[in-house]
Amino acid sequence: MPELPEVETICKALRPRLVGREITGVAALIESIRHPLDEHALDERLCGKRIVDVRRVAKYVVVEFADVDALVLHLGMSGSFRVCTVGSPYAPHDRIAWQLSDGMSWRLNDPRRFSIAKPCRLATPGGVPDMLARLGPDPLETAFDGDYLHCSCSGRTQPVKNAIMDQRMVVGIGNIYACEALFLAGISPKRPCGRLSLRSCQRLVDAVRDVLRKALDSGGTTLRNYRSVDGTEGKFALELSVYGREGEMCLRCGTAATVRRIVQAGRSTFYCPRCQH
DNA sequence: ATATTCCCCTGGAAGC
DNA sequence: TGCTTCCAGGGGAATA
């Protein structure tokens, strides 16, 4: 569920609630989420260590502790965090509860159980965990530019929509922002990525950045489950141009009922066939 | 290697 | 009302 803007929003909200605290206890409220929750693996190294940073890497949340220990988290499709007082009753689908040294309880809630919580060690403070080292560049960093995209796509036949959702190509882009960025760039989601010109790739890079930055400014997109840590919704749903608008008027060409929904690699794609080629 | 398809799981909405 | 089907911000394994 959360894509780059949502994960970034969550990290920003978690940071002041976690940094400087220690984890004093952990409870797994279910045997497994995506992977088995070995309670040992969750607390063995981390208890008693001070949290020094919370940051986003791709769509992951990395909580760094003193002495380069870290906890890598991913929210899957339906995961969310809350920080409440230790005695608060558990909500339905609370999966993990970490007790903090300031008397608060940090909880992972995830109805669908696709979330990941995995401890690891970093090579250096502020570093990227080994398990995330094979991912593509961050779309907001300068390494993701037209040349890079053009080069990475060359010789491939995969539809461009699937290509930009592949986290080995570029991270952080999921189903919503892939659709929105392609609409903004005027590129058909069905175009084989290897047949995009350099100019088109540059346009797409700009569109991706544009959409992600605006979504960040709005605190992300809330359609169903997504909430930030304090329960607030992301406001970008109001600004979506094509996602979820099947059968509605295209906001660019103004033609009635042109926004179409197709399925690519098992995921819904929304686009305007008159504006996107 | 590259590109689909299927699957993990639960709940809500829509259809009948 | 109640049952069935479809759908969902992800990603990894299995399959062509």
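Quick note on labels: first sequence line is chain A, next is B, and so on, each numbered from 1.
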What is the nucleic acid contact for [X], judged by heavy atoms within less than 4.0 Å: base, sugar-phosphate only, or nothing?
X        : value
A/Gln264 : nothing
A/Arg224 : base
A/Tyr60  : sugar-phosphate
A/Arg156 : sugar-phosphate
A/Pro5   : nothing
A/Gly174 : sugar-phosphate

Nearest whole angstrom, please: distance from the [atom2] of [N] to the [atom1] of [X].
X        : N      : atom1 : atom2 : answer
A/Asn225 : C/dG10 : CG    : P     : 12 Å
A/Leu73  : C/dG10 : CG    : C1'   : 15 Å
A/Ile164 : C/dG10 : CD1   : C1'   : 15 Å
A/Leu135 : C/dG12 : CG    : P     : 8 Å
A/Asn162 : C/dG11 : CG    : P     : 14 Å
A/Asn175 : C/dG11 : CG    : C1'   : 13 Å
A/Met169 : C/dG11 : CE    : C1'   : 16 Å
A/Asp166 : C/dG12 : CG    : P     : 10 Å

Comparing A/Arg34 and A/His93 on DNA chain B - which has the more 5′ nearest nucleotide = A/Arg34
Quick check on [N]: is either OP1 or OP2 less than 4.0 Å from any side-chain nitrogen or oxygen of [X]?
X        : N      : value
A/His74  : C/dG11 : yes
A/Ser78  : C/dA8  : no
A/Arg261 : C/dC7  : yes

ask   = So, A/Ser268 and A/Arg261: side-chain donor and acceptor under 3.5 Å apart, yes or no?
value = yes
message = Side-chain heavy atoms nearer than 4.5 Å, only ILVMFWY residues, links allowed to pass through others: does that put A/Val208 and A/Leu4 together?
response =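 Yes, A/Val208 connects to A/Leu4 through the hydrophobic network.
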inquiry  = Hydrophobic clustering (ILVMFWY, side-chain heavy atoms < 4.5 Å, transitive) - are A/Tyr90 and A/Ile96 grouped together?
reply    =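 Each belongs to a different hydrophobic cluster.
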key: Pairs where residues 152-178 of chain A contributes a residue and the test salt bridge (charged side-chain N to carboxylate O under 4.0 Å, His left out) is met, not counting sequence neighbours   =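 Qualifying pairs: A/Asp166-A/Arg168.
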task = Would you mind listing every salt bridge (charged side-chain N to carboxylate O under 4.0 Å, His left out) that reaches into residues 113-136 of chain A, with sequence neighbours excluded?
result = A/Asp69-A/Arg121
query = Remaining members of A/Leu122's ILVMFWY cluster at a side-chain heavy-atom cut-off under 4.5 Å?
reply =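 Grouped by the 4.5 Å side-chain rule, A/Val68 form the rest of the cluster around A/Leu122.
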request  = Classify the ring geometry between A/Tyr60 and A/His74 as parallel (under 30°), tilted (30 to 60°) or perpendicular (over 60°).
outcome  = perpendicular
Flag side-chain contact, heavy atom, 4.5 Å: [X] against [Y]:
X        : Y        : value
A/Leu212 : A/Glu3   : no
A/Lys59  : A/Val171 : no
A/Asn225 : A/Asp110 : no
A/Leu46  : A/Trp98  : no
A/Trp106 : A/Val229 : no

inquiry  = Of all nucleotides in DNA chain B that come within under 4.0 Å of a heavy atom of chain A, which is furthest toward the 5' end and which toward the 3' end?
reply    =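 In short, chain A contacts DNA chain B from B/dA3 to B/dG11.
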request  = Kindly confirm whether the side-chain ring of A/Phe114 is stacked on the base of C/dG10, judged by centres under 5.5 Å and planes under 30°.
outcome  =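 Stack criterion met.
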key: Separation of the P atoms in B/dT5 and C/dC7, to the nearest angstrom   =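 Between the two P atoms, the distance is 15 Å.
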request  = With pairs defined as Watson-Crick or G-U wobble and both distances under 3.5 angstrom, please note down DNA chain C as a dot-bracket string, | for pairing with another strand.
outcome  = .|||||||.|||||||
Polar-atom pairs under 3.5 Å, protein N or O versus N or O of nucleotides 13-16 of chain C: list them with distances, or write none.
none

inquiry  = How close do A/Phe270 and A/Val242 get, counting heavy atoms only, and between which atoms?
reply    =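 Result for this residue pair: CB-O, 3.3 Å.
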